[in-house]
Protein chains: 2
Amino acid sequence: MQISSRFTIALHILTAIETFKDEYRLTSEFLAGSVQVNSVIIRNILLQLKSAGMVQIPRGRASGSIVLLKKPEEINLLDVYKAIEPLEHDTLFAFHKNPNPKCPVGKNVHNILDDRLLSVQKAMEDKLKNMKLSDVLSDLSKLI
Amino acid sequence: MQISSRFTIALHILTAIETFKDEYRLTSEFLAGSVQVNSVIIRNILLQLKSAGMVQIPRGRASGSIVLLKKPEEINLLDVYKAIEPLEHDTLFAFHKNPNPKCPVGKNVHNILDDRLLSVQKAMEDKLKNMKLSDVLSDLSKLI
DNA sequence: TTTTTTGTAATGTCAATAGTTACAATAAAA
DNA sequence: TTTTATTGTAACTATTGACATTACAAAAAA
């Protein structure tokens, strides 16, 4: 199963906020125009980013002033991922629920796999942690 | 989104085949008893492992003789993962389909994220590649 | 010929993603 | 004060995938 596109949408949103903060009024409608999805999807993702303390979202006609609450160097991709992807028990790999406790393999399959699979998950998360929004922005600045 | 439990079921199956090869008749029914899922699910996963060249599955009354076609040292967890999890375009991270090409961010979001996300995926896959079925079996042998 | 087991199809349930419409609450602007 | 723009949120639909179950023809040994 793939990791949902809401994660890349969130990165797109954060990148666009920083890129256009001085040029345009930043509303969910504006961002929806860049991502090309419905503005409700943008608003829901923005709420998750707000819960993670990354953005400030004024209401009402005040808006157009969505703001990053952290510097791009202070936002890493793992923070974004965790803000967006709600993993059951924080585990990337799902497990079959009822391995047979009367079977030597069924009884121990969690013991022998959990640590290994967690270390795989950690390898991925460490890689995400070492990438910052500022890295993404500096890549972008070379292309615009 | 989590990675489906079919992956851990596949590891359970392979472990059980090697563990019980001299003690029991290995049928999908027997394996279903250890995993505690329906035998059709076992059979479908076995077919995927067969396509990957990992197991041999005799039909009819001959059965009970499902066999590993490789040594446990020659089977790594990435091979199992790839045999079981069909990723679209081989990419772990899904992407929103239509970023706006008229927007500087929308136009470049693939360019600036694809390499990064692939390297994250690769970190995970490399970790899986370095774990062998024989490692899992030796952990198990300490517990039985 | 009988029996066992596989390969496969058909069907059902459940959860998640993704999209859409609608609207009360908010808060600035007129 | 009224108007207007925008958010937060609910309700609904469609589509997909995971997981489960029943059923049975095909295979192949007993």
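Residue numbers begin at 1 in each chain, while the letters A, B, ... track the order of the sequences. Keep in mind the model is a prediction, meaning the values are calculated, not measured.
In this structure, A:Lys97 places its NZ atom 11 Å from C1' of D:dA18, rounding to the nearest Å. If you take CZ of B:Arg61 and P of C:dT4, they are 6 Å apart, rounded to a whole angstrom. A:Gln56 places its CD atom 17 Å from the P atom of D:dT6, with the value rounded to the nearest Å. Taking atom CD1 of residue B:Ile84 and atom P of nucleotide D:dC19, one finds them 11 Å apart after rounding to whole Å. Atom CD1 of A:Ile66 and atom P of C:dT26 are 18 Å apart (whole Å). Atom CG in A:Leu87 sits roughly 10 Å away from atom P in C:dT17 (whole-Å rounding).
For B:Ser28, a side-chain nitrogen or oxygen approaches OP1 or OP2 of C:dT6 to under 4.0 Å. Proximity of A:Arg25 to the phosphate of D:dT6: a side-chain N or O atom is located under 4.0 Å from OP1 or OP2.
Evaluation of the ring-ring contact (aromatic ring centres under 6.0 Å, His included) rule for A:Phe30 yields A:Phe20, A:Tyr24 as partners, not counting sequence neighbours. The salt bridge (charged side-chain N to carboxylate O under 4.0 Å, His left out) search around B:Asp135 returns none, not counting sequence neighbours.
When side chains are defined from C-beta on, B:Lys132 does not count as touching B:Leu77, because their heavy atoms never get closer than 4.5 Å. Counting only heavy atoms from C-beta outward, the side chains of A:Thr8 and B:Leu117 approach each other to under 4.5 Å. Inter-residue side-chain proximity for B:Leu68 and B:Leu14 is flagged as met; some heavy-atom pair is nearer than 4.5 Å.
Note that the CG atom of B:Leu87 and the CD atom of B:Gln121 stand 6.5 Å from one another [nearest 0.5 Å].
The stretch residues 1-13 of chain B comes close to DNA chain D through B:Ser4, B:Ser5, B:Arg6, each having a heavy atom under 4.0 Å from the strand. For the segment residues 30-50 of chain A, residues with any heavy atom less than 4.0 angstrom from an atom of DNA chain D are, sorted by number, A:Val40, A:Arg43, A:Asn44, A:Leu47, A:Lys50.
Taking the six-membered ring for Trp and thresholds of 30 and 60 degrees, B:Phe7 and B:Tyr81 have ring planes more than 60 degrees apart, a perpendicular arrangement.
Put simply, the side chain of A:Arg59 and the base of C:dA27 share no donor and acceptor less than 3.5 Å apart.
Residue pairs satisfying the salt bridge (Lys or Arg N to Asp or Glu O under 4.0 Å) criterion with at least one member in residues 87-114 of chain B, sequence neighbours excluded, are listed as follows: B:Lys82-B:Asp90.
The hydrophobic cluster around A:Met1 extends to B:Met1, counting ILVMFWY residues whose side-chain heavy atoms fall within less than 4.5 Å of a member.
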